[in-house]
Novice: 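Below you'll find the structure I mean.
Keep in mind that this is a model prediction, so the values were computed, not measured. Each ligand, and each atom within it, is numbered from 1 in the order the structure gives.
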Amino acid sequence: MRVLVTGAAGFLGSHLCDKLIQEGHSVVGLDNFITGSPDNIAHLAGNSKFEFFMHDVSNYIFMSGKLDAVMHFASPASPNPLSPFSYPNLPIQTMKAGALGTHNTLGVAKANGARFLLASTSEIYGDPEVHPQSESYWGHADPVGFRSVYDEAKRFAESLTMAYHRFHNLDTRIVRIFNTYGPRMRLDDGRVVPNFILQALKGEPLTVYGDGAQTRSFCYVDDLINGIYLLLLSEEHLPVNIGNPAEITILQFAEEVNRIIGNKAGIDFHATKRLGDDPQRRQPDITRARSILNWEPKVNLLDGLEKTIAYFKSKI
Ligand code: NAD
Ligand code: UDP
């Protein structure tokens with residue numbers, strides 16, 4: 001296949017490019033570097049199976065040559081307003097990437113008769129009242145909260161993708177990605193994994209927002225990318241959760257990072273930094289991924305963190 005990947009210079013997009021090339025496909029990468037980095041795709045320069053274009057997906061996309069698949073990953077993804085690379089600080093760009101970017105990439109897929117895969121998110125479930133979250137849950141999201149620029153853009157993107165599927169018979173897929181971590185995460189995007197690892201490596205206390213009782217379920221990037229690749233090859237058109245169901249509180253996660261790195265500086269609780277609509281609990285129900293894709297995560301938190309910490313050490 002010849003596959004267009006938007007957000008190719010980002011954390012997930014760059015791993016996806018690697019996976020597609022490794023599986024024998026050709027990739028056209030597209031990114032405007034708003035939160036990504038050329039470093040993430042530098043190793044692909046000169047590879048005959050990789051082309052790259054610097055472009056904003058919110059603008060019309062001119063593509064030459066036939067495409068077999070379009071995978072739309074371009075969007076800021078960090079909720080932390082303390083980072084300039086977060087969606088609260090890129091609110092209009094985030095809404096445009098999710099809304100106009102999805103429209104433009106669906107248009108490219110339609111013009112090529114290509115299959116389409118949307119990178120959606122567990123954020124569409126908002127601060128969930130159902131636990132764990134299965135795909136049949138409609139969510140509990142605040143349409144005007146500070147996370148709404150991301151949540152509502154992704155909810156719109158899912159709806160537009162289904163409209164193209166139902167109205168134009170486009171061959172679409174939707175993956176709902178739960179918290180994923182690993183090498184090539186931006187060190188300064190403010191998400192909890194890079195924040196805690198950097199703080200621990202510097203011997204500083206870890207900044208736990210609120211009391212740390214909120215939970216997340218962390219998936220290692222290789223597991224996620226394998227699941228997304230299987231979804232691309234499948235015939236499933238309704239959303240599929242991909243993530244690791246191993247749920248942990250943020251406080252337990254901080255203690256684990258400190259233990260692995262040997263950081264003695266402890267924890268610093270930042271009650272005031274707790275963000276208004278920070279989801280209290282998040283855990284994917286992956287029953288559908290297990291049955292439809294025969295997929296489940298394989299990498300445990302300790303192994304995944306060790307690989308991620310080694311990457312962060314090489315970057316600081
Ligand atoms: P990232 O910030 O590392 O990657 C996003 C990439 O998209 C960056 O390279 C950025 O420069 C690019 N981009 C943003 N807006 C663009 C635009 N208008 N035009 C062109 N390029 C643009 O983030 P990530 O974690 O790799 O996330 C990738 C995708 O996966 C996003 O769509 C995100 O919503 C989704 N997702 C990620 C996670 C996660 O845990 N990492 C969870 C849920 C969903
Ligand atoms: N968090 C934290 N300290 C930090 C960064 C994040 O306690 O330095 C918390 C945040 O409040 C949230 C969780 O960690 O409850 C996960 O945050 P992240 O930014 O990684 O993404 P989210 O899952 O909220 O989209």
Novice: I'd like to know whether ligand 2 has G212 as a neighbour, heavy-atom separation below 4.0 Å.
Specialist: no
Novice: Please compare T180, L206, N195, N179 and report which has the shortest non-hydrogen distance to atom 8 (O) of ligand 2.
Specialist: N195
Novice: Got a salt bridge between R155 and E158, using NZ or NE/NH1/NH2 to carboxylate O under 4.0 Å?
Specialist: no
Novice: Just to check, does F196 reach to within less than 4.0 Å of ligand 2 when the distance is taken from its heavy atoms?
Specialist: yes
Novice: Are K19 and E23 within salt-bridge range, i.e. N to O under 4.0 Å?
Specialist: yes
Novice: Would you mind reporting whether S134 and T287 have side-chain heavy atoms less than 4.5 Å apart?
Specialist: no
Novice: Would you verify whether the NZ or CZ of R216 falls within 45 degrees of the ring axis of F253 while also being under 6.0 Å from that six-membered ring's centre?
Specialist: no
Novice: According to side-chain hydrogen bond (donor to acceptor under 3.5 Å, both in side chains), who are the partners of R115, at least two apart in sequence or on a separate chain?
Specialist: none
Novice: Please report whether ligand 2 has a polar contact with Y87, defined as an N or O pair separated by less than 3.5 Å (distance criterion only).
Specialist: no
Novice: Could you check which of L224, N32, D189, N179 puts a non-hydrogen atom nearest to atom 17 (C) of ligand 1?
Specialist: N32
Novice: Run down the list E123, Q199, R147, Q280 and name the one with the heavy atom closest to atom 24 (O) of ligand 2.
Specialist: R147
Novice: Using ring-ring contact (aromatic ring centres under 6.0 Å, His included) as the criterion, list what pairs up with F116, not counting sequence neighbours.
Specialist: none
Novice: Name the option, out of K154, K96, R191, that contains the heavy atom nearest to atom 24 (P) of ligand 1.
Specialist: R191
Novice: With a 4.0 Å cut-off on heavy atoms, is P79 touching ligand 2?
Specialist: yes
Novice: Side chain, backbone, both or neither: which part of Q214 comes within less than 4.0 Å of ligand 2 when only heavy atoms are counted?
Specialist: side chain
